[in-house]
There are 2 protein chains.
Amino acid sequence: MSEGVEWALHSCVNLAWMEGRAVTAARLAALYSLPAAYLNKQLQLLAKAGILTSTPGPRGGFRLARPTSAITLLDVVTAIEGGEDAFRCQQILREGPGGRDDVDYRRTCAVSIGMRKAELAWRRELAAQTISDVIAQVERHNPDAPSRTRGQLM
Amino acid sequence: MSEGVEWALHSCVNLAWMEGRAVTAARLAALYSLPAAYLNKQLQLLAKAGILTSTPGPRGGFRLARPTSAITLLDVVTAIEGGEDAFRCQQILREGPGGRDDVDYRRTCAVSIGMRKAELAWRRELAAQTISDVIAQVERHNPDAPSRTRGQLM
DNA sequence: GAGTTATTACTCGGATAATCGTTGTCCGAGTAGGATAGG
DNA sequence: CCTATCCTACTCGGACAACGATTATCCGAGTAATAACTC
């Protein structure tokens, strides 16, 4: 899985603490000494997915497009990684004995079904957690994280 | 995810139908027109994980090391992909404000915990399914698959 | 004919390249704010 | 002093390389069956 997912999730949390103020990719990257231009790439993907809004020019940057309770971990993962399954059935049964070209083995192959079952469980668990949940847990263990981060980003 | 996982799973199913007879990597590969040498590599990983046993020389090949009901999908996936999580926390919080070097953020970071929760659900679902389950489903929809495959492999 | 030995063909096993995706970098399009000049 | 225009600096956005992992290939080590040879 792409490392950008981790960056994107942390950036969403940090943006949530900025209360709607725009933050540039460079500042978000400086927080964790990340390559700014590459983080920018990930934030663009989030913007394209409707999770962030971006504004160019001076005083520009990124900000959350929705309340944190309406952004699931699955939303962020899908935005960065794309919607395809990790296990993508190549339908090798088509080349096997009794294989047919007019059958979609992604639906019928027992191996594919079993793997897909696990992936759905993974997705379900990701969809059940929001950025809001993450923030709540962080603030419980580290109550001054929001103000400290805000100080670094302004 | 590596394409070899799909090959390995299908190979396990096919080996199960061979009732303990050894089958060479070349024959298993020919079933689906796969590159034999590369499939051999995956089968080696399964052997190293104790899922298959390998015997060299004439009349050699691979065979299942355990009953199909004792081989889970997770066993096969882990053998091919390795045991590491897909989402591997880089602990970027160490570089952030208030980051400490003596803290294992893989355990404490809320983002990491949330992602890990989903991965555990994925693993749990994979561990709940065995090769035996897959075979049962195949034979229900395609009762003559075992004999047909056996004919191709002998 | 039976046992023993040398041979041979076959298989896995690991070391070695080629390809593709991820990671990382750079420069251009567009914008908003500020400076400047005119009224 | 106020307003309109121009300019400048700053930001995102997408195009362009570098690295690493996956994919693919090849040849050697070892084994078991076979064939030949001896008793």
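Residue numbers start from 1 in every chain, and the chains themselves are labelled A, B, ... in the order their sequence lines are given, proteins ahead of strands.
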Subject >> Pairwise side-chain contact, His10(B) with Val111(A), heavy-atom cut-off 4.5 Å (strictly under) >> reply: yes
Original post:
Where each residue is assigned the nucleotide of DNA chain C containing its nearest heavy atom, which of Lys48(B) and Gly57(B) is assigned the position nearer the 5′ end?
Top reply: Gly57(B)
Subject >> Whole-Å distance separating the CG atom of Asn40(B) from the C1' atom of dT23(D) >> reply: 14 Å
Original post:
Does Ser2(A) make a side-chain N or O approach to OP1 or OP2 of dT23(C) shorter than 4.0 Å?
Top reply: yes
Subject >> For atom CG of Leu45(A) and atom P of dT23(C), their distance in whole Å >> reply: 12 Å
**OP:** Side-chain contact test, heavy atoms from C-beta onward, threshold under 4.5 Å: evaluate it for Leu43(B) versus Leu39(B) and give yes or no.
**Re:** yes
**OP:** First locate atom CZ of Arg124(A), then atom CD of Gln129(A), and finally report the distance between them rounded to the nearest 0.5 Å.
**Re:** 13.5 Å
**OP:** Could you run through nucleotides 16-21 of chain D and give me one letter per nucleotide, 5' to 3': B if any protein heavy atom sits under 4.0 Å from the base, S if only the sugar-phosphate is that close, - if neither?
**Re:** ------
**OP:** Could you check whether Pro58(A) gets within reach of a base, just the sugar-phosphate, or nothing at all, counting any heavy atom under 4.0 Å?
**Re:** base
Original post:
Which of these passes side-chain contact (heavy atoms from CB on, under 4.5 Å) with Trp17(B): Val138(B), Thr68(B), Val23(B)?
Top reply: Val138(B)
Subject >> Integer-rounded Å distance: dG21(C) P and Gln42(A) CD >> reply: 17 Å
Subject >> Side-chain N,O (Ser54(A)) to OP1/OP2 (dT11(D)) below 4.0 Å >> reply: no
Subject >> Glu119(B) and Met115(B), any side-chain heavy atoms less than 4.5 Å apart >> reply: no
Subject >> For atom OH of Tyr38(B) and atom P of dT23(D), their distance in whole Å >> reply: 4 Å
Original post:
Between Trp7(A) and Tyr38(A), does the ring centroid distance fall short of 6.0 Å?
Top reply: yes
Subject >> Backbone of Ala121(B) reached by a side-chain donor or acceptor of Glu125(A) within 3.5 Å >> reply: no
Original post:
What is the distance, rounded to the nearest whole Å, between atom CZ of Phe62(A) and atom P of dT31(C)?
Top reply: 16 Å
**OP:** Identify, residue by residue, the members of residues 70-90 of chain B with a heavy atom below 4.0 Å from DNA chain C, and return them in order of residue number, or none.
**Re:** none
Subject >> Spatial distance of atom CG (Leu74(B)) from atom CG (Leu126(B)) [nearest 0.5 Å] >> reply: 5.5 Å
Subject >> Reported CD-to-OG distance for the pair Gln44(B) and Ser54(B), which is rounded to 0.5 angstrom >> reply: 8.0 Å
**OP:** Would you kindly give the CZ-to-P distance between Arg59(A) and dC10(D), to the nearest whole Å?
**Re:** 14 Å
